[in-house]
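A short write-up of the structure that comes next.
Small disclaimer: the values here were computed from a predicted structure and weren't measured.
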Amino acid sequence: MSTVETVKFKLIPGTDTARFETLDRKVETEYMAKRPGFLSREVSRSEDGEYLVIVHWATPEDADATMKGFFSAAETQDFLAAVDKTTVQSGRYAQVAR
């Protein structure tokens, strides 16, 4: 059974959304997709600018290992610099049906 992680956040005011979305794609291709157990990732944005990221992992251990290094990885620093850390909300779920 796979693990689903969710993260909601807003950007630091004044951040260019087009530039951020380029950084987001870079984080996915150069960091997330290269990690063991990565299955898929989707990103959505609400009308008020909140982002919702949904990541599917093979196991909770795969998710833990990736997130452990996420905040210190060179590939994620520009992405993280654009995120308003006070707005971050995350969750983890076990997928029950597919």
Side-chain angles (χ1 to χ4, degrees):
M1 193 169 323
S2 68
T3 296
V4 179
E5 285 193 321
T6 62
V7 182
K8 295 190 320 184
F9 59 87
K10 289 189 174 187
L11 301 179
I12 293 174
T15 301
D16 178 87
T17 57
R19 181 177 182 282
F20 174 76
E21 290 170 12
T22 297
L23 295 172
D24 178 73
R25 285 188 294 280
K26 183 178 176 184
V27 162
E28 181 172 338
T29 59
E30 294 183 14
Y31 184 78
M32 304 293 284
K34 294 181 178 182
R35 300 297 173 248
F38 174 84
L39 300 175
S40 67
R41 181 175 182 267
E42 61 186 89
V43 180
S44 302
R45 185 180 68 214
S46 70
E47 287 184 14
D48 72 348
E50 181 177 69
Y51 284 83
L52 170 64
V53 179
I54 301 170
V55 184
H56 293 261
W57 297 99
T59 68
E61 295 79 18
D62 293 329
D64 288 341
T66 297
M67 293 318 294
K68 184 175 181 180
F70 187 84
F71 294 96
S72 61
E75 302 92 334
T76 65
Q77 296 310 298
D78 291 338
F79 172 93
L80 290 169
V83 173
D84 180 346
K85 306 322 181 265
T86 67
T87 65
V88 175
Q89 300 175 10
S90 61
R92 182 176 287 179
Y93 307 83
Q95 188 170 3
V96 295
R98 184 150 175 117

Sorted by chain and residue number, the side-chain contact (heavy atoms from CB on, under 4.5 Å) partners of V88 (sequence neighbours excluded) come out as V7, F9, V83
With sequence neighbours left out, the residues meeting side-chain contact (heavy atoms from CB on, under 4.5 Å) with S46 are D48, E50
side-chain hydrogen bond (donor to acceptor under 3.5 Å, both in side chains) filter on S44, not counting sequence neighbours, yields none
What one should report as the nearest heavy-atom pair of W57 and A63 is CD1-CB, 3.4 Å
Sorted by chain and residue number, the salt bridge (Lys or Arg N to Asp or Glu O under 4.0 Å) partners of E61 (sequence neighbours excluded) come out as none
F70 meets the side-chain contact (heavy atoms from CB on, under 4.5 Å) criterion, sequence neighbours left out, with V27, Y31, M32, M67, T76, F79, L80
With sequence neighbours left out, the residues meeting side-chain hydrogen bond (donor to acceptor under 3.5 Å, both in side chains) with T22 are R25
Looking at F71, is its backbone amide N or carbonyl O close enough to the side chain of Q77 to form a donor-acceptor pair, meaning the two atoms are under 3.5 Å apart? yes
In short, K34 meets E30 closest at the heavy-atom pair CD-O, 3.7 Å
Those residues at least two apart in sequence (or on a different chain) that pass side-chain hydrogen bond (donor to acceptor under 3.5 Å, both in side chains) with E21 are R45, Y51
Sorted by chain and residue number, the salt bridge (Lys or Arg N to Asp or Glu O under 4.0 Å) partners of D62 (sequence neighbours excluded) come out as none
Linking I/L/V/M/F/W/Y whenever any side-chain heavy atoms sit under 4.5 Å apart, do V96 and L39 land together?
no
Taken to the nearest 0.5 Å, the spacing of Q95 CD from S2 OG works out to 3.5 Å
- Item | Working for side chain to side chain contact (heavy atoms under 4.5 Å, CB included), residues K8 and T6 | CA-CA 7 Å; K8 295 190 320 184; T6 62; 5.8 Å; no
Those residues at least two apart in sequence (or on a different chain) that pass salt bridge (Lys or Arg N to Asp or Glu O under 4.0 Å) with R35 are none
Distance col, row T15:OG1 vs F20:CZ, nearest 0.5 angstrom, shows 8.5 Å
R92 meets the salt bridge (Lys or Arg N to Asp or Glu O under 4.0 Å) criterion, sequence neighbours left out, with E5, D64
Is the number of heavy atoms from other residues, nucleotides or ligands within 6.0 Å of NZ (K68) greater than 12?
no
So CD of E28 and CD of E75: to nearest 0.5 Å the spacing works out to 14.0 Å
Those residues at least two apart in sequence (or on a different chain) that pass side-chain hydrogen bond (donor to acceptor under 3.5 Å, both in side chains) with D16 are none
Which of V55, V53, I54 passes side chain to side chain contact (heavy atoms under 4.5 Å, CB included) with V43? Answer is V53
The side-chain contact (heavy atoms from CB on, under 4.5 Å) partners of D84 (sequence neighbours excluded) come to I12, T86, T87
**Prompt:** Do F38 and V4 belong together in a cluster built from hydrophobic side chains that touch within less than 4.5 Å?
**Reply:** no
